[in-house]
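Each remark here refers to the structure printed beneath this line.
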Amino acid sequence: MHIKSAEFIMSNSNVAKCPKSMLPEYAFIGRSNVGKSSLINMITGRKSLAKTSGRPGKTQLINHFLINKNWHLVDLPGYGYARVSKSAKKTFQKFITEYLALREQLVSAFVLVDIRHQPQTIDLEFMQWLGENNVPFSIIFTKADKLKPNAIKRHVEDYQNVLLETWETMPNYFITSSSMSMGKEELLHYIDELNVNMERI
Ligand code: GTP
Ligand code: MG
């Protein structure tokens, strides 16, 4: 898919105030600092469309971007940010779960995980929550530039093995690096296919 236009639409913390249009929507979710906003900039080819930061907790609201005038990409705040209290860390911010559970336009969520780390409980719990709430999702491994190809393969296999302890099949996954533009075509192609399927319904 070629990105002809990408524009910021609005930020808010209330699912009821999100755009009313029924355009298909995709949301990036994951731990703070995993690279959600950077990935939005990478796949749209717009350097500072979504605000990024080296300090976790940069994105605080639900941010809607309109792509090619026919689908929405959503940047969500991260979970598991150390500066919030332990109990708040466990219960994912209410407006995020409300958005994911209630937003009819959401075709798929993408759970971002840092490819360097072993599977983290909070990510596994989050995927569990998505499953229980019937929210379709894929996994996006981020920061692949930080590992050599062999290590990438090993880390993905380790992740797969842990997931297969609770899931019957491994969710779709993508290996990406925002700094190297890795995984861009695969991800856009996947979204394009889902968009086409939505048009058929
Ligand atoms: P919050 O909004 O705080 O939840 O974070 P986020 O998930 O949106 O992360 P963000 O995109 O702001 O990136 C966090 C940090 O990781 C920044 O310093 C980015 O430059 C860095 N980063 C993001 N993607 C990559 C990547 O693919 N490779 C490398 N090496 N660094 C990355
Ligand atoms: Mg962000």
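Numbering of ligands and ligand atoms starts at 1, following listing order. Any value given below was found using the heavy atoms of this structure, including those in side chains, with hydrogens, waters and symmetry copies removed.
Any N or O atom pair closer than 3.5 Å counts here, and Ser178 shares at least one such pair with ligand 1. Taking any N or O of Lys51, backbone or side chain, none lies under 3.5 Å from an N or O belonging to ligand 1. Ligand 1 has a nitrogen or oxygen under 3.5 angstrom from a nitrogen or oxygen of Gly57. Residue Asp75 has no nitrogen or oxygen atom sitting less than 3.5 Å from a nitrogen or oxygen atom of ligand 1, judged on distance alone. Between Gly35 and ligand 1, at least one N/O pair is under 3.5 Å apart. Not one N or O of Thr176 is nearer than 3.5 Å to an N or O of ligand 1, by distance alone.
Among the backbone and side-chain atoms of Thr59, an N/O/S atom is found under 2.8 Å from the Mg ion (ligand 2). Metal site remark for the Mg ion (ligand 2): Ser37 contributes an N, O or S atom at a distance under 2.8 Å.
Of the heavy atoms in Asn33, both backbone and side-chain atoms come closer than 4.0 Å to ligand 1. Residue contacts with ligand 1, taken as heavy atom pairs separated by less than 4.0 Å, involve Pro56 solely via the backbone atoms N, CA, C and O. At a heavy-atom distance under 4.0 Å, no atom of Met180 approaches ligand 1. The part of Ser53 lying near ligand 1 is the backbone, judged by heavy-atom distances below 4.0 Å.
Side-chain contact between Ile140 and Phe28 is present, with at least one heavy-atom pair separated by less than 4.5 Å. Side-chain contact between Val107 and Pro136: absent, with no pair of heavy atoms (C-beta onward) separated by less than 4.5 Å. Residues Pro77 and Ile96 are in side-chain contact: their nearest non-hydrogen atoms beyond the backbone lie under 4.5 Å apart.
In terms of protein heavy-atom proximity, atom 18 (O) of ligand 1 is closest to Gly54 CA, 3.3 Å. Among all non-hydrogen protein atoms, the one lying nearest atom 30 (N) of ligand 1 is Asp145 OD2, 2.8 Å. Nearest protein heavy-atom neighbour of atom 4 (O) of ligand 1: Lys36 NZ, 2.9 Å.
With atom 24 (N) of ligand 1 as the reference point, the heavy atom nearest to it among Ser38, Ser37, Ser181 is part of Ser38. Between Lys143, Lys146, Arg55, Arg31, it is Lys143 that holds the heavy atom closest to atom 25 (C) of ligand 1.
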Quiz prompt | Trace of the ring-ring contact (aromatic ring centres under 6.0 Å, His included) decision for Tyr173 with Tyr159 | solution = CA-CA 11 Å; Tyr173 67 88; Tyr159 217 97; 9.4 Å; no
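No donor-acceptor pair under 3.5 Å is formed between the side chain of Asn68 and the backbone N or O of Asn70. Of the possible polar contacts, one joining the Thr142 side chain to the Val34 backbone as a donor-acceptor pair under 3.5 Å is found. Here the side chain of His64 pairs no donor or acceptor atom with the backbone of Ile9 at under 3.5 angstrom.
Considering Leu102, Val74, Ile62 in turn, Ile62 is the only one that fulfils the side-chain contact (heavy atoms from CB on, under 4.5 Å) rule with Cys18. With respect to Phe137, the ring pair (Phe, Tyr, Trp, His ring centres under 6.0 Å) criterion is satisfied by exactly one of Trp167, Phe110, Trp129: Trp167.
Listed by number with element, the atoms of ligand 1 under 4.0 angstrom from any heavy atom of Gly78 are 4 (O). Of all atoms in ligand 1, listed by their number and element, those nearer than 4.0 Å to a heavy atom of Ser177 are 27 (O).
Ser11 and Asn63 share a donor-acceptor pair across their side chains, judged by distance under 3.5 Å alone.
The aromatic rings of Trp71 and Tyr26 sit perpendicular, their planes meeting at an angle over 60°, well past the 30° parallel limit.
Val34 counts as a contact of ligand 1, since one of its heavy atoms falls under 4.0 Å from the ligand.
For residues 36-51, the side-chain hydrogen bond (donor to acceptor under 3.5 Å, both in side chains) pairs, not counting sequence neighbours, are Ser37-Thr59, Ser37-Asp75.
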